[in-house]
Asks: 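One structure, pasted below without further comment.
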Number of protein chains: 2
Amino acid sequence: MSECCVHPEKTEEIKGQLPDSCQLFDLAELFKMFGDSTRIKIISVLTHRELCVGDIAAALDMGQSAISHQLRLLRQSGLVRCKRQGKTMLYALADSHVQDIYRIGWEHITESEGDGNA
Amino acid sequence: MSECCVHPEKTEEIKGQLPDSCQLFDLAELFKMFGDSTRIKIISVLTHRELCVGDIAAALDMGQSAISHQLRLLRQSGLVRCKRQGKTMLYALADSHVQDIYRIGWEHITESEGDGNA
DNA sequence: CCAACATATGAATATATGTTCATATGTTGA
DNA sequence: TCAACATATGAACATATATTCATATGTTGG
């Protein structure tokens, strides 16, 4: 067993700095929405324009149902909003934060190597 | 059935704008690392300082093994780096992008409401 | 080299999650 | 109101993932 290196004082200080557990949970839930190939593709196409469900499904070569399910999750997480237009539903990114997160993630993977600071 | 609203020309244009499928996969994998409560907690404590495995486990009230497994995933994704210091392993965030992504996500959830642009 | 410690890792288990299928809901035009 | 369309949704299934347990690896001091 052994309690590992555990430095009690340091540990307590860290605990004090750790944000509220619920907020960290929400934060994880937020990133989880970006953490699926289908959803990130949806977000990607929505960065260019608003689209209806059928066009998203066609562009991604996926079933309407799968897209709809994922759009529901994105909606519930507040990442996309939708408005009805006749028989179709137009989806769009909810706010600029979504684009910001997408963009910074994109920058990270395209730079693709450690920047060797430190 | 029905092919939904599918506008063929629009769909083709969207497909053309869609980034490489592999890159989107990598992007999803990146965000997936942030999309788990345990890992986001680890990232959170590492934003303040570098820490050894045991202290992270103690601060998070979790088993050493669970933390070690998650640290391995974070390492493999290039989000944290580690260096040995005697018997312990010191972990730190790999680069500033990790902090950036964390911070922007944090801003999003703390503002917690749509900014109503558009 | 050996004992004690710190971390890593493989296997097993439980749970979460994504897609599909079938069908329900809601909208439009005749 | 009815038929055709676009989307939403529940259930079922397959897969992915997180944690635990046991144990292996690697380091230090005697």
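In this text, all values refer to a predicted model and were calculated from it rather than measured experimentally. Naming convention: chains lettered A, B, ... in sequence-line order (proteins, then strands); numbering from 1 in each chain.
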Asks: Output yes when at least one side-chain N/O atom of B/Tyr91 is less than 4.0 Å from OP1 or OP2 of C/dA8, else no.
Replies: yes
Asks: Heavy atoms, side chains only, cut-off 4.5 Å: are A/Asp61 and B/Lys15 in contact?
Replies: yes
Asks: Would you call A/Lys10 and A/Glu13 a salt bridge, taking side-chain N to carboxylate O under 4.0 Å as the test?
Replies: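 Salt bridge between A/Lys10 and A/Glu13, a charged N being under 4.0 Å from a carboxylate O: no.
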Asks: Between A/Ile14 and B/Leu51, what is the shortest heavy-atom contact and its length?
Replies: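 Nearest pair, atom of A/Ile14 first, then B/Leu51: CD1-CD2, 3.4 Å.
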Asks: Between D/dT19, C/dG18, D/dT9, which one does the side chain of A/Arg75 approach most closely?
Replies: D/dT9
Asks: Rounded to the Å, how far apart are B/Met62 CE and D/dC21 C1'?
Replies: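 Rounded to the whole Å, the gap is 14 Å.
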Asks: Would you kindly give the CD1-to-C1' distance between A/Ile67 and D/dA6, to the nearest whole Å?
Replies: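 So the CD1-C1' distance, A/Ile67 to D/dA6, works out to 14 Å.
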Asks: For the pair made of NZ in A/Lys83 and P in D/dT7, what is the distance, rounded to whole Å?
Replies: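 From A/Lys83 NZ to D/dT7 P: 14 Å.
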Asks: Applying side chain to side chain donor-acceptor pair (under 3.5 Å) between A/Tyr91 and each of A/Arg75, A/Glu50, A/Lys83, A/Arg81, report the one that passes.
Replies: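 Answer after filtering A/Arg75, A/Glu50, A/Lys83, A/Arg81: A/Arg75.
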Asks: What pair of heavy atoms forms the shortest contact from B/Ile43 to B/Tyr102, and how long is it?
Replies: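 Scanning both residues completely, I find the closest heavy atoms to be CG2-CD1, 4.0 Å.
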Asks: Let me have a per-nucleotide readout for nucleotides 25-30 of chain D, 5' to 3', with B, S or -, counting only protein heavy atoms under 4.0 Å.
Replies: -SBS--
Asks: Rounded to whole Å, please give me the gap between CD1 in B/Ile42 and P in C/dT7.
Replies: 13 Å
Asks: Rounded off to whole Å, could you give me the CG-to-P distance for the A/Leu60 and C/dT20 pair?
Replies: 12 Å
Asks: Could one point to a donor on the side chain of A/Gln64 or the base of D/dA8 with an acceptor on the other under 3.5 Å away?
Replies: yes
Asks: Rounding to an integer number of Å, can you tell me how far B/Arg72 CZ sits from D/dT20 P?
Replies: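 Those two atoms, CZ and P, are 16 Å apart.
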Asks: Give the nucleotide from the list D/dA8, D/dA18, C/dT19 with an atom nearest to the side chain of A/Thr38.
Replies: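 The answer is C/dT19, which lies nearest to the side chain.
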Asks: Using the side-chain heavy atoms of A/Ala66, tell me which of these nucleotides is nearest: C/dT20, C/dT7, D/dA8.
Replies: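 Ranking C/dT20, C/dT7, D/dA8 by closest atom to the A/Ala66 side chain puts C/dT20 first.
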Asks: On the side chain of A/His69, is there an atom forming a donor-acceptor pair with the base of D/dT7 - under 3.5 Å, no angle test?
Replies: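 Check fails, no donor-acceptor contact within cut-off.
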Asks: Do the side chain of A/Ser65 and the base of C/dC21 come within less than 3.5 angstrom through a donor-acceptor pair of N or O atoms?
Replies: yes
Asks: In whole angstroms, how far is the P atom of D/dC5 from the CG atom of A/Asp55?
Replies: 16 Å
Asks: Compare every heavy atom of A/Ser37 with every heavy atom of B/Phe25, then report the nearest pair and how far apart it is.
Replies: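 The pair with the smallest heavy-atom distance is CD1-OG, 3.4 Å.
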Asks: Which of these nucleotides, D/dA8, D/dA18, C/dA6, is closest to any side-chain atom of B/Gln70?
Replies: D/dA18
Asks: Hey, what's the ring geometry for A/His108 with B/His97, parallel, tilted or perpendicular (30° and 60° as the breaks)?
Replies: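 It falls in the perpendicular class, over 60°.
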Asks: So which one's nearest nucleotide on DNA chain C is more toward 5', B/Ser68 or A/Arg39?
Replies: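 It is B/Ser68 whose nearest nucleotide is closer to the 5' end.
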Asks: Looking for any heavy atom pair under 4.0 Å, which part of the strands does B/Ile56 touch: base, sugar-phosphate only, or nothing?
Replies: nothing
Asks: Could you work out which one of D/dT7, C/dT7, D/dT17 sits closest to the side chain of B/Lys32?
Replies: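 Of D/dT7, C/dT7, D/dT17, D/dT17 is nearest to the side chain of B/Lys32.
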Asks: What's the shortest heavy-atom distance between A/Arg39 and A/Leu74, and which atoms?
Replies: CD-CD2, 3.9 Å
Asks: Please report, rounded to the nearest Å, how far the C1' atom of C/dT27 is from the CG atom of A/Leu90.
Replies: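 Spelled out: CG on A/Leu90 to C1' on C/dT27 is 14 Å.
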